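Since the structure comes first, as structure tokens, the remarks are kept for the end.
Computed from a prediction, not measured in an experiment: that's the story for all the values here.
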Amino acid sequence: FERHRWASRHSESTMATVFPSNQGIVVGGGLAGVSAANQLLECGGRVVLVDKSSFCGGNSTKATSGINGSATKAQKAAGIDDSVELFTNDTLKGGAKKPEVVKVLCGNSG
């Protein structure tokens, strides 16, 4: 009801829509977009993925040196000793400007 009242107070071009919770539209076919679409599918949802390009990949295709992460399954399997703390310190040394964002990024990378 509140959503309908909000929409009626705004321009006619604004349209309130109730979207089913088991469906999603993902805009962008880069790593984040494909990951979001995959998560929806794994949870039993339906998804439409839209990208401006004729192929998926986005800027992630330019990450030729890899995508960084810490304490990953692959590292553990190879016997590589790594930690979130090391990754966080390396990221901050690399010039990251927002330590609070770095902490979340690095903490959820593995």
Side-chain angles (χ1 to χ4, degrees):
F1 177 73
E2 182 62 35
R3 179 181 251 181
H4 174 70
R5 204 167 2 137
W6 178 87
S8 66
R9 286 182 276 164
H10 291 79
S11 71
E12 290 182 27
S13 64
T14 304
M15 185 172 135
T17 304
V18 177
F19 201 78
S21 62
N22 66 339
Q23 295 182 26
I25 299 171
V26 176
V27 179
L31 183 59
V34 172
S35 295
N38 185 62
Q39 185 66 38
L40 255 168
L41 289 171
E42 284 185 351
C43 291
R46 294 173 49 186
V47 64
V48 173
L49 180 97
V50 183
D51 193 83
K52 64 184 176 184
S53 182
S54 61
F55 59 91
C56 286
N59 284 327
S60 302
T61 60
K62 297 174 182 145
T64 58
S65 62
I67 296 172
N68 296 323
S70 65
T72 65
K73 292 177 189 174
Q75 287 173 310
K76 290 175 187 171
I80 298 170
D81 187 31
D82 194 16
S83 70
V84 172
E85 292 77 24
L86 284 172
F87 187 26
T88 301
N89 291 335
D90 286 346
T91 303
L92 290 169
K93 284 180 197 172
K97 304 293 184 219
K98 295 185 177 185
E100 65 279 5
V101 175
V102 171
K103 184 176 180 181
V104 173
L105 170 83
C106 295
N108 292 302
S109 69

**Item:** Interatomic distance, L31 atom CG to N59 atom CG [nearest 0.5 angstrom]
**Value:** 11.0 Å

**Message:** On a heavy-atom basis, which atom in A37 and which in L49 lie closest, and how many Å separate them?
**Reply:** CB-CD1, 4.0 Å

**Asked** Which heavy-atom pair separates C106 from T91 by the least distance, and what is that distance?
**Response** SG-OG1, 3.6 Å

**Spacing of N68 atom CG and F87 atom CZ [to the nearest 0.5 Å]** = 4.5 Å

**Message:** Once side chain to side chain donor-acceptor pair (under 3.5 Å) is applied, what residue pairs with a partner in residues 27-51 remain, sequence neighbours excluded?
**Reply:** N38-E42

**Hphob cluster co-occupancy, L41 + V48, side-chain heavy atoms under 4.5 angstrom** = no

**Request:** Please write out which residues are connected to V104 in a hydrophobic cluster, directly or through intermediates, given that two of Ile, Leu, Val, Met, Phe, Trp, Tyr count as joined at side-chain heavy-atom separations below 4.5 angstrom.
**Result:** none

**Message:** Just to verify, what does A32 make a side chain to side chain contact (heavy atoms under 4.5 Å, CB included) with, not counting sequence neighbours?
**Reply:** none

**Message:** I need the full list of side chain to side chain donor-acceptor pair (under 3.5 Å) pairs touching residues 95-105, with sequence neighbours left out, sorted by first then second residue.
**Reply:** none

**Asked** What residues join V102 in its hydrophobic cluster, counting side-chain heavy atom gaps under 4.5 Å, either direct or through other members?
**Response** L92

**Item:** Closest contact, heavy atoms only, S109 versus S70
**Value:** OG-N, 3.0 Å

**Asked** In chain order, what residues pass the side-chain hydrogen bond (donor to acceptor under 3.5 Å, both in side chains) check against T72, with sequence neighbours excluded?
**Response** Q75

